[in-house]
Amino acid sequence: MRILVQKFGGTSLSTMEAREHVISHVRRELDNGFRLVVVVSAMGRKGDPYATDTLLDLVAEGDSYLPPREQDLLMACGEIISAAKLCSLLAERNISSVVLTGAQAGFRTDSQFGNARILDIVPTRVLEELQQKDVVIVTGFQGQNQGGDFTTLGRGGSDTSATALGAALHAEMVDIYTDVNGILTADPRIVEDAKPLEYVSYAEICNMAHQGAKVIHPRAVEIAMQAGIPVRVRSTFSQGEGTLVANPEGFKDVQIGIVDRYVTGIAYVANVTQIRVESAGKGPDNLQLQVFKSMAENDISVDFINVTPTGVVYTVFDKDSTKAETVLKSLELSPQICTGCAKVSVIGGGINGVPGIMAKIVEALTEHGIQILQSADSNTTIWVLVHKDDMVQALRALHAKFELGR
Ligand code: ADP
Ligand code: MG
């Protein structure tokens, strides 16, 4: 049995016109001889009638409170509505389908409501239904804990549902359909001439996703990578093949040839705060330990850490900055806080050991008068921290400097 998993995101299901495109992809792959598992997100974005954020707004009025368990129950509704709608549209076109919730599809998770982890997938029911129906529709983003309660998988959870199901079913491929023509060299909403990449390795897109490229969730990529299942990221609104994500050996089959690039793409995380703490007499080891322990104890996630002989500098999300400041002051430290920063990353498997990459980055930014607040590098990524007001220009300047555009 040749199984293909298709995942359709919110914008791919939001209008009747979009749903017609979805149906065309379903039909084409059935004609190609695949057994299809279709994972759906909730329809549309915040403000649209059945989008997840809209459902949450229903209970967000005033100082109302919904417990996390019930919040997950509510959030799981968007995908159920979306799946039922697709089922009826397919039936109108004589394509038989069945809808399975996350639980019915075999997703077993822990009980961390709102951000549950998949423990195991037992897709017995999916395999049974595949024998009877043309299409098995599975509601994305959700599972069930040991007690049988609905759980949700957190942001980008439907991507994770799709690749995890692909892995459990030994699918031939997982197709992630979205509103752009694949994985691009940068977010096209900011960098207009961003170019679709014909293929990327799991490691490259994993890095880009971790650094903020929201086109696919990093967890989803990690699962596909572990299972060795190729993923395509492609547009619902065209018949283009999009970007193939696989191991470099996998590319030989599609005869793309050798690809030798230093930089794959540019990504960003906006809304971060830089915190600098200098030691005032206390031993530096003690200071570092104190700072990071206090952040961890208060559930504040830290990033972009530079340790110097006299202090530490790191970032937190803007939303945590007040809390972080209070915690540090309570330890009688005097943090310097700089809110409204953005982390910009230059990512590429080929930058390792290549001289001059950092020089090019500095050149691109200083040419535009952009101040670098902090920088760091690994063998696949160089990060710079800039003021948020400079972010858009920094992304465009770097994209141009590395000649990534169309
Ligand atoms: P879906 O609802 O289909 O899951 P998302 O909004 O989660 O869609 O992801 C698609 C969006 O990701 C695009 O509209 C695009 O703005 C954004 N994006 C950010 N970085 C990139 C990138 N490097 N390549 C492609 N898209 C990107
Ligand atoms: Mg998404």
Side-chain angles (χ1 to χ4, degrees), residues 5-15 18-19 21-22 25 38-48 50-54 75 78-79 82 86 139-142 152-163 174-201 204-221 224 231-238 240 242-245 261 263-270 342-348 381 391-392 395-396 398-399 402 404-406:
V5 177
Q6 298 181 317
K7 177 256 168 176
F8 294 97
T11 45
S12 303
L13 293 154
S14 61
T15 64
R19 294 190 284 267
H21 285 284
V22 168
H25 296 298
V38 175
V39 175
V40 294
S41 293
M43 296 191 275
R45 297 266 156 84
K46 192 178 173 77
D48 291 329
Y50 311 107
T52 308
D53 285 326
T54 311
M75 285 205 284
E79 277 70 17
S82 181
L86 182 61
T139 54
F141 176 62
Q142 56 177 246
T152 66
L153 308 179
R155 289 275 156 200
S158 292
D159 295 338
T160 307
S161 302
T163 58
V174 175
D175 279 343
I176 305 283
Y177 284 89
T178 182
D179 60 351
V180 284
N181 284 322
I183 297 166
L184 283 79
T185 48
D187 187 345
R189 276 186 276 207
I190 294 187
V191 181
E192 271 174 12
D193 67 339
K195 189 172 66 181
L197 296 159
E198 205 168 342
Y199 77 90
V200 297
S201 65
E204 284 174 311
I205 184 54
C206 227
N207 254 328
M208 282 180 72
H210 275 298
Q211 299 314 322
K214 293 210 175 80
V215 62
I216 184 169
H217 199 277
R219 252 163 95 194
V221 183
V231 174
R232 263 180 318 210
V233 177
R234 53 197 299 183
S235 170
T236 301
F237 305 93
S238 82
T243 305
L244 176 68
V245 184
R261 57 184 171 216
V263 173
T264 311
I266 317 270
Y268 64 93
V269 179
K343 185 170 102 166
V344 172
S345 310
V346 174
I347 299 134
T381 309
M391 184 188 84
V392 171
L395 289 165
R396 290 177 182 163
L398 291 168
H399 198 260
F402 288 102
L404 297 175
R406 267 180 267 140

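Only heavy atoms go into these numbers, but all of them, side chains included; no hydrogens, no water, no symmetry mates. Remember, it's a predicted structure, so these values are computed and weren't measured experimentally. Just so you know, ligand 1 is whichever comes first in the structure, and atom 1 is the first atom listed for that ligand. Index from 1, following the sequence.
Heavy atoms only, all atoms of each residue included: A51 and A42 are closest at CA-CB, 4.4 Å.
The side-chain hydrogen bond (donor to acceptor under 3.5 Å, both in side chains) with T185 is formed by just one residue from the set K195, R406, H399; it is H399.
Side-chain atoms of V231 and V221, non-hydrogen and from C-beta on, never get closer than 4.5 Å to each other.
Under the ring-ring contact (aromatic ring centres under 6.0 Å, His included) criterion, Y177 pairs with F8, H25, not counting sequence neighbours.
Within 4.0 Å of ligand 1, counting heavy atoms only, the contacting residues are K7, G9, G10, R45, Y177, T178, D179, V180, G182, I183, L184, A186, D187, P188, R189, M208, A213, K214, V215.
For the pair D179 and K214, the salt-bridge criterion is not met [side-chain N within less than 4.0 Å of a carboxylate O].
Side-chain atoms of H21 never come within 3.5 Å of backbone atoms of S12 as a donor-acceptor pair (strictly under, hydrogens ignored).
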